[in-house]
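By convention in this document, chain letters (A, B, ...) are assigned in the order of the sequence lines, proteins followed by strands, and residues within each chain are numbered from 1.
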Amino acid sequence: MFGKGVLLAEQKLSAASQIIRAPVPKRAIIPLQQHIGVMCEPLVKPGDIVKKYQLIGSAAGLSAPIHSSVSGKVAEVGMHPCAAGTVVLSVVIDVVEPEFVEPESRKSVDNLSVEQLLEIIKESGIVGMGGAAFPTHVKLKPKSPVDTLLINGAECEPFLTADHRLMLEHAEEIVLGILVELKVLGVQKAVVCIEDNKPDAISVMRNAIGDKNSISLAVLKTKYPQGAEKLLINTVLGKKVAHTTLPSDAGVVVSNVGTAKAIHDAVYLCRPLVERVVTVTGDSVEPKNLLVRIGTPIKELLRFCNASEYEKLLVGGPMMGVAQFSDEVPVTKSTTGIVAFKHCVDEPEQHCIRCGSCVEVCPYNLLPTVIAKASSRQNFLAAKLYHAEQCMECGCCAYSCPAKIPLVQHIRLAKLEIAKRK
Amino acid sequence: MKVSSSPHIRNSRTTQKIYLFVVIALVPAALAGIYFFGQKSLYIIFVTVISGMLFDLLMQRLFGVRLHFNCSALITSLLLALILPPTVPLWLPVIGVIFAIGIAKYPFGQGNNIFNPALVARVFLAVSFPVFMSSYVSPDTLTSASPLTVAKIDGYGTLVESFGLESSLYSALFVGNRSGSVGETCSFLIIAGGLFLVLVRVIDWRIPFFYLFSVACLALVLGSDVLFHLMAGGLLLGAFFMATDYVTSPITKKGRIIFAVGCGVLTVILRLYSSYPEGVAFSILLMNAATPLIDRFTVPRPFGR
C-alpha cells in the first residue's frame, strides 16, 4: 500500500481494557437482517417463550440463521431502526434470564467431516465478524480453488480494539478456529495478519500458533486502510484482486479473527453466534471492550460506560462508521465498535482547489474529486466512467481534503444512482 | 446529536494554512527584492497586494461569495508584484492585479480558472505596456538589460564578459546581484522557499524537479549553459511557485510530470528561438491550457485492473 492510504492517530483508548461482560439488557431487539444476503424468516410470534440460543430466524438462500441471545418472552415482531440507518424487521424480546446452563462442549472435533463442520458453521449463524457480516459457510465453500487463508487481525480503524483484545485473551481459541477453517477449505496455508501497533497481540498469537506448519504470522505496517480485504491480499501476497472478482478467484479467502473465534465457539462449545466483543470508546465515555449479547440497545452500553454528553454517536469506526440519530438501535453481528464524541466540529466546506490530495491517498487509484464533482452536478454517467463503483468508501479522500469537501458522501450518492440505473 | 456522512474525522490541513505556507515561502524572495532594488520594490509589493486584496473583496461581493480574507488573492498579488520590473509606475501593477483577479480568475468560477492569474496579468501588461515592462535596472540602479536579454541580443559570451568571469556571473545569479524583476533575482532564497514548500508537502516535488531537469537536459543538448539557464530569468520562481499552482496544473502524478516536462521544453525553445528573451510565462500558460487534456489522458488504472 506504498504511498496510498493515510496515517491516522490511533486513539486506541481501550487497548488495555480487558474484555468484560456487558449487562444483559431488559429488552433485546434482534434484527432479522444482520448479514449480507436474504433476510431471515421469523420463527416466533408475540407471546412465545424463547430460550438463549434458540433459532428465531430461519435462513434460505444466501443467508445465515439468527438465534436468540437471551431468554424471555417475545414482545413483538415488527419494524425497528437499526444502526445502518434503515428500518428492519426485528424480534423484540422482554428478557427473563433464568439460571442458564451453557451447552456441553463437543467431545471430539477431529472426527468431524468437512460437510459436518460446514453444517455446524451454517447452523450456528456465523457471519464475518469484521463488520461486513458475509455468511461464513458460503465463504468457506468458494467456487474457485483456493490455496491461502488470510486471517485479518489488522483492525486499522482508529479507536477500535475488539480484535486486539480477542487476540490477547483468546489466542488459543482463535488458532483452533483457524485450523477448522483450514480443514473446511482444504488448504494448508494460513497467514495471521496483524498491524505493528499491536506488538503484544503479535507475540501472544505467535506463541499460540507455536510450531504449526500451516499457520504463519505477517506483521503489517500500521496504515489505514491496510485491513481492507483487497489491500490486505495485495500487501501480504502481492496479488491484485480486480473489482469485479472475488478474493477466492485469486485463490485467497480472508477471514476476521473474530470469525475464527466464533467458529471455535460453535464447533468446540456448541454455541451459536449470539454475542460479540464491542469496543465502546470516545472522549465522552469510559472506554471499554464489552462482550455484548446481540440485540442489546447501544444506549445500555453507553450507560454502562458512564457516557456523558456527546454530540456525535457512531456505530463502527470514525472513518467508515455510521452516525446514529438514536441510541435505541441494537448491537448486531456486525457491530465492531461504538464511538461517542463529546464535540463534533463541522468545518465549513470550501470549493475544490484541485490540490490532488484525494488522488494521492486513494488506495484504489481513483480520482475522488472528479467523481464527486460529477456526482454533485448529477452527471452519474461521468461518475461511472471514472469508476465510482470501485470506491470502497474508506474515507481517506475526505479525511485529507483541505477544503473539507464531503467527498465520500458525493461518491456514495453516485454509487447509489448508478446502481439504480442498472 | 449530529448526523453526517463518514468519515467523521479530518486531518488538520486547511486551504488557508496551505496558502499561508506559500506566502511564507515567498517572503524571503520579496525581501531580497527590496534589498537589491530598494524602496521601489517595497512600494510595488505593497500597492499590488493592497489593491489586489481590496479588489478581491469587491469580486467576492459581485460573485456572491461570503466575504472573507482570501489568502489565494494575496498569493496572486504578491506573485505578480515579484515578476514585475522594479521600475514600473505604481498604477501599472494595480491594473495588472485587477486583470489577474477580475478576468483571469473569478469569471471562470472558483477553483476552475484555466490559466495562472499572475502569469496572465504579466503577459497582459507586457503586451499592453511593452516599454515599462522591459525597463530593467541592476541593483546599483544603472539601467541595464536583464542577463537573458543580453544573452539573446549580444550572445552569452558578451554577458559573461560583462561580469568578468563565468563564476562571477553564476554567483550574481545565485545571490541576486543582477538585473531582473522584483522577486526573481535571488536564486538561493527562491530555492529555499521552494524546498520548504516541498518539505511541508504543499507542492508536489515532481513539478519543479521535472521542469528544471528538462530545462537542464534540453539546454545541455542544444549547447547552452545549463547553470545559466537554471538561474536566469524567472525560471526558479516559475518552477516552484507558478507551475505548481494547484488549480492550473494536473491532479495526477503522471500528468504533473508531463506538464513539467512540457513547461521545461517550451521554456528553452522560447528562450533560444523565439523573439522573446524569456519563455517561462508563456510556457507555463501554454501547459495550463493543456492541463485538462493531460488529466484526461493520465487517469490512473483502478486497483486490480
Specify which of [options] makes the most heavy-atom pairs with chain A at under 4.5 Å.
options                     : value
B:P302, B:S12, B:G304       : B:P302
B:G111, B:S5, B:P250        : B:S5
B:T14, B:N112, B:T248, B:I9 : B:I9

Decide whether [X] and [Y] meet the rule of one side-chain donor and one side-chain acceptor closer than 3.5 Å.
X      : Y      : value
B:Y211 : B:T267 : yes
B:Y106 : B:D56  : yes
B:N288 : B:N116 : no

So what's closer than 4.5 Å to chain B heavy atoms on [X]: side chain, backbone, both or neither?
X      : answer
A:V339 : neither
A:S357 : side chain
A:P363 : backbone
A:E311 : both
A:I353 : both

[options]: which one forms the most heavy-atom pairs within less than 4.5 Å of chain B?
options                        : value
A:S400, A:C352, A:G317, A:G316 : A:S400
A:N365, A:L407, A:L313         : A:N365
A:L366, A:T369, A:V359, A:L8   : A:V359
A:E360, A:R412, A:E347         : A:R412
A:Q324, A:K240, A:Q350, A:M319 : A:M319
A:G395, A:A250, A:C358         : A:G395

Side-chain heavy-atom pair [X], [Y] within 4.5 angstrom cut-off:
X      : Y      : result
B:I191 : B:L236 : yes
B:S6   : A:V322 : no
A:Y310 : A:L302 : yes

Would you confirm whether the ring centroid of B:F196 sits within less than 6.0 angstrom of the ring centroid of B:F21?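 Yes.
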The single option from A:H410, A:E393, A:E389 passing side chain to side chain donor-acceptor pair (under 3.5 Å) against A:K415: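 Among A:H410, A:E393, A:E389, the one that satisfies the side chain to side chain donor-acceptor pair (under 3.5 Å) with A:K415 is A:E393.
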Proximal component of [X], with respect to chain A [non-hydrogen, under 4.5 Å]:
X      : value
B:K17  : neither
B:D245 : neither
B:S249 : backbone
B:R301 : backbone
B:I18  : side chain

Salt bridge or not between B:K2 and A:D346? Use side-chain N to carboxylate O under 4.0 Å.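 A salt bridge links B:K2 with A:D346.
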Taking A:K342 first and then A:D283, would you say they form a salt bridge - that is, a charged N and a carboxylate O separated by under 4.0 Å?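 Looking at A:D283 together with A:K342, the answer is no, because their closest N to O distance does not fall below 4.0 Å.
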Does B:F213 have more than 12 heavy atoms from other residues, nucleotides or ligands lying within 6.0 Å of its CZ?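 Open: at most 12 neighbouring heavy atoms sit under 6.0 Å from CZ of B:F213.
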Aromatic plane relationship, B:F124 with B:F99 - under 30° parallel, 30 to 60° tilted, over 60° perpendicular: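 Rings of B:F99 and B:F124: parallel, under 30°.
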